[in-house]
Amino acid sequence: REKNYRCKLGEIDLIMQHNTTLVFIEVRLRSHTGFANAAESVTYRKQQKIIKTAQYYLQQYGLTDKANCRFDVIAFSDNGNPEWIKDAFSV
């Protein structure tokens with residue numbers, strides 16, 4: 001569907017379709033894990049920003065009542081292997 005969707009509320013890295021579900025994906029890369037790993041870097045505040053941006057996207061395309069949604073995180077650690085966390089957080 002989309003990559004690097006931007007609006008006045010924020011950005012969503014990837015928006016994809018999985019069967020009947022619209023998936024909003026945050027991609028994170030952490031090369032230094034001194035503070036938190038890549039998945040842990042998606043804080044509650046960041047999650048809220050992604051949710052608000054997704055709601056704006058749904059309104060923009062008239063999908064607010066029609067779409068099943070999911071929020072995933074793809075986290076890359078310093079070894080380069082991705083960890084795909086499905087349904088990482090919810091509204």
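The first residue of the sequence shown is numbered 1, and numbering continues consecutively from there.
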Original post:
Do you know which of Lys52, Lys46, Arg6, Lys49 makes salt bridge (charged side-chain N to carboxylate O under 4.0 Å, His left out) with Glu11?
Top reply: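 The passing option is Arg6.
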Original post:
Between Ile12 and Phe71, is a side-chain contact (heavy atoms from CB on, under 4.5 Å) present by the stated rule, with each step listed?
Top reply: CA-CA 10 Å; Ile12 296 177; Phe71 296 93; 5.7 Å; no
Original post:
Should Tyr44 and Phe89 be regarded as members of a common hydrophobic cluster, given that ILVMFWY residues are connected when their side-chain heavy atoms come within less than 4.5 Å of each other, either directly or indirectly?
Top reply: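 Unlinked, Tyr44 and Phe89 end up in two clusters.
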[atom2] on [Y] to [atom1] on [X], rounded to 0.5 Å:
{"X": "Ile85", "Y": "Asp72", "atom1": "CD1", "atom2": "CG", "answer": "9.0 Å"}
{"X": "Phe24", "Y": "Ile51", "atom1": "CZ", "atom2": "CD1", "answer": "10.5 Å"}
{"X": "Leu14", "Y": "Glu2", "atom1": "CG", "atom2": "CD", "answer": "10.5 Å"}

Subject >> Pairs involving residues 13-22, ordered by first then second residue, that meet side chain to side chain donor-acceptor pair (under 3.5 Å) (sequence neighbours left out) >> reply: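 Counting only pairs at least two positions apart or across chains, the side chain to side chain donor-acceptor pair (under 3.5 Å) contacts touching residues 13-22 are Arg1-Gln17.
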Can you check whether [X] reaches [Y] side chain to side chain, under 4.5 Å on heavy atoms?
{"X": "Leu9", "Y": "Gln55", "result": "no"}
{"X": "Leu58", "Y": "Leu22", "result": "yes"}
{"X": "Ile25", "Y": "Val27", "result": "yes"}

**OP:** Sequence neighbours left out, what passes salt bridge (charged side-chain N to carboxylate O under 4.0 Å, His left out) with Arg45? Give chain and number order.
**Re:**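 Result, salt bridge (charged side-chain N to carboxylate O under 4.0 Å, His left out) vs Arg45: none returned.
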Subject >> Side chain Gln59, main chain Thr64, donor-acceptor under 3.5 Å >> reply: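 Not at all, since once roles are kept as given, no pair shorter than 3.5 Å links the two residues.
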